[in-house]
Number of protein chains: 2
Amino acid sequence: MTPQRRAIIQVLLESAGSHPTAEQIFTRVRDVMPDISHATVYNTLHELVEMGTLLELNLGMREQRYDINTTDHAHLICLGCGRVEDVPYDSEALTLSPEHTHGFQVVDCRVIFRGYCPACASQERHLRSSG
Amino acid sequence: MTPQRRAIIQVLLESAGSHPTAEQIFTRVRDVMPDISHATVYNTLHELVEMGTLLELNLGMREQRYDINTTDHAHLICLGCGRVEDVPYDSEALTLSPEHTHGFQVVDCRVIFRGYCPACASQERHLRSSG
DNA sequence: TCTTATTTTAGATTAATCCTTAATTTATAT
DNA sequence: ATATAAATTAAGGATTAATCTAAAATAAGA
């Protein structure tokens, strides 16, 4: 446990619910530790993911997003602006029946609701009617 | 409708179920049309996605994967080797209750089951016990 | 055929992530 | 406290998927 890791974890805890990218985490850690390197942040994030205390989310944008909230939940993302919200979901309702597992050892399940947030929905409507 | 687009669509139809990456599609199209460019493949894929006849999948690997099968289904992916299988799921069972939409206009829902395929599961077990 | 709008190309560019190597730091045992 | 071994960090270059640009080529319609 190094000062760098403490700082990274601190930033992750402070940004709970905001689903930051690796780059955003890097920038925030830099604020309190200006000499930290890219590689350290990436390495640490990967270790935390490996340990299971951090979720790495592929929500369709180019970059990975990280979520310190490892309790069962789904994500709701805006296709317009990339905004991400946590939403509850019933993991019981979603199990893969044995005949469809292809012999896989299933570890978890990711659920992503996609749509448009209020702001982007109105803008979208505007774009559609004018173009 | 250009020969390039016909070739790309042809490749997509032939690779149904294999969830190819843009690069794989590019390579396969090259086999029958050696001078086609990267940009053309990317542009065409994006147009098909826009039209709704092609799905762009973010399954956690670095690259996007494409799926010509636009019927309601989920994906089962191997965290070891990246293998992807289509699996059925009951979209009825998975709706976001109105009080959790954050005002979003929800368009669709993506479900990804993650795990280890038979081959990777046994290898994983081996790795674990030896290191 | 001729015109216009669209598409394609080649190659440069971007951006996120990963890798390499040496120096530093931490943890451990004395 | 000190020595040692193991793990971590930093710097910056490498990689790679994807995107952009501007000019050339092509398709579609009159």
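Order of the sequence lines fixes the chain letters, A, B, ..., with proteins taken first and strands second; residue numbering starts at 1 for each chain.
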Distance-only donor-acceptor pairs under 3.5 Å for side chains of residues 7-17 of chain B, two or more places apart:
unit_1: B/Gln10; atom_1: NE2; unit_2: B/Glu14; atom_2: OE2; d: 2.8
unit_1: B/Ser15; atom_1: OG; unit_2: B/Val11; atom_2: O; d: 2.8
unit_1: B/Ser15; atom_1: OG; unit_2: B/Leu12; atom_2: O; d: 3.2

ask   = Is any side-chain heavy atom of B/Glu23 less than 4.5 Å from a side-chain heavy atom of B/Glu63?
value = no
Rounded to 10°, the angle between the first-five-pair and last-five-pair axes of the helix from C/dT1-D/dA30 to C/dT30-D/dA1 is 30°
Distance-only donor-acceptor pairs under 3.5 Å for side chains of residues 46-53 of chain B, two or more places apart:
unit_1: B/Glu47; atom_1: OE1; unit_2: B/Arg5; atom_2: NH1; d: 3.3
unit_1: B/Glu47; atom_1: OE1; unit_2: B/Arg5; atom_2: NH2; d: 3.0
unit_1: B/Thr53; atom_1: OG1; unit_2: B/Leu48; atom_2: O; d: 3.4

- Distance-only donor-acceptor check, side chains B/His19 and B/Glu85, under 3.5 Å: no
To the nearest angstrom, the CZ-P distance between B/Phe26 and C/dG11 comes to 12 Å
Where do N or O atoms of nucleotides 2-4 of chain D meet protein N or O atoms at under 3.5 Å, pair by pair?
none

**Asked** Does one side chain, of A/His100 or A/His102, offer a donor that lies under 3.5 Å from an acceptor on the other?
**Response** no
*Validation row: A/Val87, A/His75 side chains within 4.5 angstrom (heavy atoms)*: no
Margin query: Within the 4.5 Å heavy-atom criterion, are A/Phe113 and A/Ile77 side-chain neighbours or not?
Written below: no
Query raised in the report: Given side chains that start at C-beta, do those of B/Tyr89 and B/Cys109 come closer than 4.5 Å, heavy atoms only?
Result: yes
Quick tally for nucleotides 8-20 of chain D: nucleotides whose base has a protein heavy atom under 4.0 Å get B, sugar-phosphate-only ones S, the rest -, giving SSBB-----SBBB
### Task
Measure the acute angle between the ring planes of A/His38 and A/Tyr42, then classify it against the limits of 30° and 60° as parallel, tilted or perpendicular.
tilted
Salt-bridge contact B/Asp108-B/Arg110 (side-chain N to carboxylate O under 4.0 Å) | yes
Worksheet item: Below 4.5 Å, heavy atoms only, C-beta onward: do B/Gln64 and B/Asn58 meet side chain to side chain?
Response: yes
Would you tabulate the pairs of protein nitrogen or oxygen atoms and nucleotide nitrogen or oxygen atoms of nucleotides 1-3 of chain C closer than 3.5 angstrom?
none

Under a 3.5 Å distance rule, please check whether A/Arg30 uses its side chain to pair with a backbone N or O of A/Ile36 as donor and acceptor. yes
